[in-house]
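See below for the structure under consideration.
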Protein chains: 2
Amino acid sequence: MDLTDKKLLVLLQEDSKKTTKELSSKLNLSVTAVYERIKKLEREGIISKYVTILDKNKIDKGFVVFCHIKLIKHSKDLISEFEKEVVSLNEVLECFHVSGDYDYILKICVKDMEEYREFMVTKLTTLQHIGSTHSTFMIGEVKNSTSFVLN
Amino acid sequence: MDLTDKKLLVLLQEDSKKTTKELSSKLNLSVTAVYERIKKLEREGIISKYVTILDKNKIDKGFVVFCHIKLIKHSKDLISEFEKEVVSLNEVLECFHVSGDYDYILKICVKDMEEYREFMVTKLTTLQHIGSTHSTFMIGEVKNSTSFVLN
DNA sequence: TTAAGAACAGAAAAATATTCTACAAAATAA
DNA sequence: TTATTTTGTAGAATATTTTTCTGTTCTTAA
């Protein structure tokens, strides 16, 4: 990965719909050269996918909650069982296993508090092996980017 | 937004490179009908952007830290000053203003612990108005999606 | 019932992606 | 050093897709 690849990735992270023509003029390369570089980055798995981002407020998913979870026990079996169940929950967009005071951080997106309550009662708290949960509510989105700055 | 729009959005969230032809066959519509629906969703702002997702491990950004921050004071001026500074930090991909025990949750992506230390010392702790920070390290990624399930 | 607007399909046109060929620079081996 | 391979590139040709255009159907409201 040279400097040109990095510039290319920065541009593609912002907007995957940029045409190779646009990219070629910004990078001072031919269309083919840009095309080949992109294909190489895809083959190497550096580019993993192209996705569409929706405005969560316009699809009734603007109520965002971070839920910190502790498990009761931490045997390998119980952990993977818990994780399998979490992955299947539509409201949970992200789930990270973390070090520290609790075991997992979940990011949950729903319509409103009522829907969150419903989610907690009927889904989250019925998960196996949960010790405790602690919900933190988002009151503002300061930055929410999918683009890495490469250096 | 009808059921067809929702199906369309589910498909596009997964892979924005799907052609209108592919989509049209999955939705039992003509190419033009799909095209017009997508343009409408873009105009309405429901589709906000198309992005490229990179594999963070392959670009040396696989060390992920959640940092919980408390401010000293909470006047409007100090908050917006702090937020402006945070947004400008390349290592901070996400920053949410939250309710509860602390004021902000930051998601920080760097290469390794050494780079994180450097970031803490030279950038994060030099921010104005910070009361305290608490770092939680990601030890596993269970789920990390950008796709909402629509209902 | 009729008029207006929205959604749709198919064809045509325009733009883009992809492949192919060839060349030059850089890296590698003899 | 020279010969050889590899890599990156450019331009042209081709394939595919996007976008526009035209006309039709369907829905809705007057």
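These figures come from a predicted structure and were not determined experimentally.
Whole-Å rounding puts the Ile38(B) CD1 to dT17(D) C1' distance at 12 Å. Arg37(A) places its CZ atom 14 Å from the C1' atom of dA10(D), with the value rounded to the nearest Å. Protein atom CG of Asp2(B) is 13 Å distant from nucleotide atom P of dT27(D), rounded to whole Å.
Other members of a hydrophobic cluster containing Leu3(B) are absent, since no ILVMFWY side chain comes under 4.5 Å of it, directly or through relayed contacts.
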Do any side-chain atoms of residues 39-47 of chain B form donor-acceptor pairs under 3.5 angstrom with protein atoms, and if so which ones, sequence neighbours left out?
residue	atom	partner	partner atom	Å
Lys39(B)	NZ	Glu42(B)	OE1	3.2
Lys40(B)	NZ	Glu44(B)	OE2	3.4
Glu42(B)	OE2	Tyr50(B)	OH	2.5

Donor-acceptor contacts under 3.5 Å from residues 108-115 of chain B side chains, at least two apart:
residue	atom	partner	partner atom	Å
Asp112(B)	OD1	Glu114(B)	N	3.3
Asp112(B)	OD1	Glu115(B)	N	2.9
Glu115(B)	OE1	Lys111(B)	N	3.3

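Between the side chain of Glu36(B) and the backbone N or O of Ala33(B), no donor-acceptor pair lies under 3.5 Å.
Using cut-offs of 30° and 60° on the angle between ring planes, the pair Tyr102(B) and His68(B) is parallel.
Within residues 5-13 of chain B, no residue approaches DNA chain C, by heavy-atom distance under 4.0 Å.
With sequence neighbours left out, the side chain to side chain donor-acceptor pair (under 3.5 Å) criterion links Glu83(B) to Tyr104(B). With sequence neighbours left out, the side chain to side chain donor-acceptor pair (under 3.5 Å) criterion links Ser135(B) to Tyr116(B). In terms of the side-chain contact (heavy atoms from CB on, under 4.5 Å) criterion, residue partners of Val149(A) (sequence neighbours excluded) are, by chain and number, Asn90(B). In terms of the ring-ring contact (aromatic ring centres under 6.0 Å, His included) criterion, His129(A) has no residue partners (sequence neighbours excluded). Residues that satisfy the ring-ring contact (aromatic ring centres under 6.0 Å, His included) test with Phe96(A), not counting sequence neighbours, are Phe66(B).
The pair Asp15(B)-Lys49(A) fails the salt-bridge criterion, with no side-chain N (NZ, NE, NH1 or NH2) lying under 4.0 Å from an Asp/Glu carboxylate O. A salt bridge is absent between Lys61(A) and Asp55(A): the closest approach of a Lys/Arg side-chain nitrogen to an acidic carboxylate oxygen does not fall below 4.0 angstrom.
Rounded to 10 degrees, the angle separating the terminal helix axes of the helix from dT1(C)-dA30(D) to dA30(C)-dT1(D), each built from five base pairs, is 30°.
Chain B approaches DNA chain C within less than 4.0 angstrom (heavy atoms of the protein), and the contacting nucleotides run 5' to 3' from dA7(C) to dA11(C).
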Listing time: all N or O pairs from protein to nucleotides 18-22 of chain D that are below 3.5 Å?
residue	atom	partner	partner atom	Å
dT18(D)	OP2	Thr20(B)	N	3.2
dT18(D)	OP2	Thr20(B)	OG1	2.7
dT19(D)	O5'	Tyr35(B)	OH	3.0

* To do: Might you work through the side-chain contact (heavy atoms from CB on, under 4.5 Å) test for Val51(A) and Glu14(B), ending with a clear yes or no?
  => CA-CA 6 Å; Val51(A) 305; Glu14(B) 291 169 357; over 6 Å; no
